[in-house]
Undergrad: 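Can you keep this structure in mind? I'll have questions shortly.
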Amino acid sequence: MKRIKILDSLTESESLKTRTDNQKLINFGIGDTAFITPYPIIEATQIGLGTNKTHYTDSKGIVELREAISSYLQKFDIPSTLDDIIITPGAMQAVFYSLFIHVEEGTKVGLFEPAWLAYNKIIKVCGGIPVFCSLKNNRLTITALEVFIENDVKVIIINNPTNPTGKVWEKKELDILVNYCKENKVLLISDEVYNEIVYDKKFISIGQYKGINSIVIGSFSKVFSMTGWRLGYIYSKNKKNIDRINKLQQITATCPNSFVQYGAIDFEAELSKIQTQVAVYKRNRDLLYKTLSKINLKPLFPDGTFYMWVNVGMDGKKFAEKVYNDYGIVVVPGKAYGNDTQNFIRISYALPTEKVIRACKRLKDIKWVDAYKKLGGEK
Ligand SMILES: Cc1ncc(COP(=O)(O)O)c(C=O)c1O
């Protein structure tokens, strides 16, 4: 199919459609946080605005912010220079750039099911063909990768920690994946926008692996509650990747927003405060996991992000409609996250805990869920 036809055929994002201002609703739909951007970042942006930092910048982004990102990446044992980093208007744009420079008509791109719904769409818009790999028990083994060999996949994209499951990839899984990519000369794109939202496990970045063609994507959106600012970045040791992405950025965005970049320079100073928010997410996760398990749904226990992936034992869309109509709770149906994800929903729990408690009280109606599961017909 041609690109424009593909674009026309795409459905609007469910999570954006469910955005609502109704106070009584509890919105677990949108992948955004209820927190405000750290004030020092707002203040630094205002200073930027007031001091004429309002013009085009270097297309790769300002040196000061690239330096700050380079220094931050050391935390994850990623050795970088300024030449390895490009600042982008958000991670989504970074995902698009990374795929666009590698995907030609018919290129097969591997992804792990369930995968954040934008990947599938971006791959198709670039002319590529998504190839889904299912993980047994949500863990990668060598045999799972056979589907990529069979399909001669040229690019793989992972999301670590993962939206929608909250999976934090373990070292042995990353080792398997990296070895596979090295042996088969596959580009590995690692979307790491939730890198600071991790609970009990250790997060490991793909950036620390040497001898592999990889692109790491980061963002200020989720960690710093800056989704509307549109600020992300790309790290790659491969000069060709950086050069191509830079050219693409030059002809599409020119550069990232100037004053937003100035505002973010001291972002590392805010990281310790972010831990308070992560503690709230963790509390929310525990409350929800307990409640949903009690009403016989099957949530996957998330080790990171602020999402929970729940098997509801019936069509996820019907379930979402029912909890919306009867309980005023918004969740996202799982269908768009893969080939076999019909019976799932995604819950986004970056809300104040009192809202999560209220939702849990509403959901405790065990009889309703069981009766409705029967009505909807379990798979
Ligand atoms: C996995 C993943 N990557 C990227 C993004 C987009 O991030 P940004 O706001 O930086 O474009 C999202 C947003 O939901 C996401 O879930």
Side-chain angles (χ1 to χ4, degrees), residues 12-19 27-35 37 41 61 65 69 72 85-100 109 111-123 125 130 156-169 188-198 203 205-206 215-235 245 248-249 252-253 256-257 260-261 263-264 267 274 281 302-309 330-332 334 336-338 341 346-351:
E12 241 183 88
S13 160
E14 290 278 354
S15 57
L16 290 179
K17 272 200 286 181
T18 54
R19 187 192 291 273
N27 193 347
F28 286 131
I30 186 130
D32 204 343
T33 83
F35 290 96
T37 304
I41 294 181
L65 184 56
I69 292 168
Y72 167 67
I85 294 163
I86 295 189
I87 300 163
T88 60
M92 200 170 206
Q93 192 87 11
V95 170
F96 176 76
Y97 291 158
S98 305
L99 287 167
F100 190 85
V109 181
L111 63 178
F112 295 92
E113 179 170 331
W116 181 44
L117 34 82
Y119 298 146
N120 184 16
K121 295 180 182 182
I122 299 174
I123 292 165
V125 165
I156 294 175
I157 182 160
I158 66 165
N159 178 209
N160 180 24
T162 305
N163 171 6
T165 57
K167 171 185 168 70
V168 175
W169 287 65
L188 182 55
I189 302 171
S190 184
D191 175 347
E192 302 180 357
V193 302
Y194 300 96
N195 65 349
E196 296 284 350
I197 309 173
V198 178
F203 163 77
S205 172
I206 281 297
I215 296 177
V216 172
I217 293 169
S219 174
F220 291 78
S221 283
K222 313 290 176 165
V223 173
F224 297 100
S225 300
M226 289 173 66
T227 52
W229 294 61
R230 314 310 303 130
L231 194 63
Y233 57 89
I234 282 170
Y235 158 83
I245 287 170
L248 189 55
Q249 174 137 291
T252 52
N257 176 307
V260 163
Q261 294 183 65
F267 73 92
I274 299 305
Y281 303 153
D303 291 310
T305 73
F306 40 70
Y307 303 111
M308 197 173 286
W309 184 240
V330 179
V331 298
V332 177
Y337 290 79
T341 53
R346 188 197 74 171
I347 290 180
S348 173
Y349 53 84
L351 299 178

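Counting from 1, the numbers follow the sequence of the chain as shown. Order of listing sets the numbers, starting from 1, for every ligand and every atom in it. We use all heavy atoms of the structure for the numbers below, so side chains are in, but hydrogens, waters and symmetry mates are not.
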Undergrad: Do Asn159 and Tyr119 come within less than 4.5 Å of each other through their side chains, counting heavy atoms only?
TA: yes
Undergrad: Compare every heavy atom of Tyr97 with every heavy atom of Ile245, then report the nearest pair and how far apart it is.
TA: CG2-CD1, 3.7 Å
Undergrad: So which atom in Leu117 and which in Ala336 form the shortest heavy-atom distance, rounded to 0.1 Å?
TA: CB-O, 3.7 Å
Undergrad: Which distance, rounded to the nearest 0.5 Å, do you find between the OH of Tyr235 and the CD1 of Ile215?
TA: 11.5 Å
Undergrad: So that I know where these two stand, are Trp116 and Tyr307 an aromatic pair - ring centroids less than 6.0 Å apart?
TA: no
Undergrad: So, Phe224 versus Trp229, ring centres under 6.0 angstrom or not?
TA: no
Undergrad: So which residues, sorted by chain and number, lie with a heavy atom under 4.0 Å of ligand 1?
TA: Gly90, Ala91, Met92, Trp116, Tyr119, Asn159, Asn163, Asp191, Val193, Tyr194, Ser219, Ser221, Lys222, Arg230
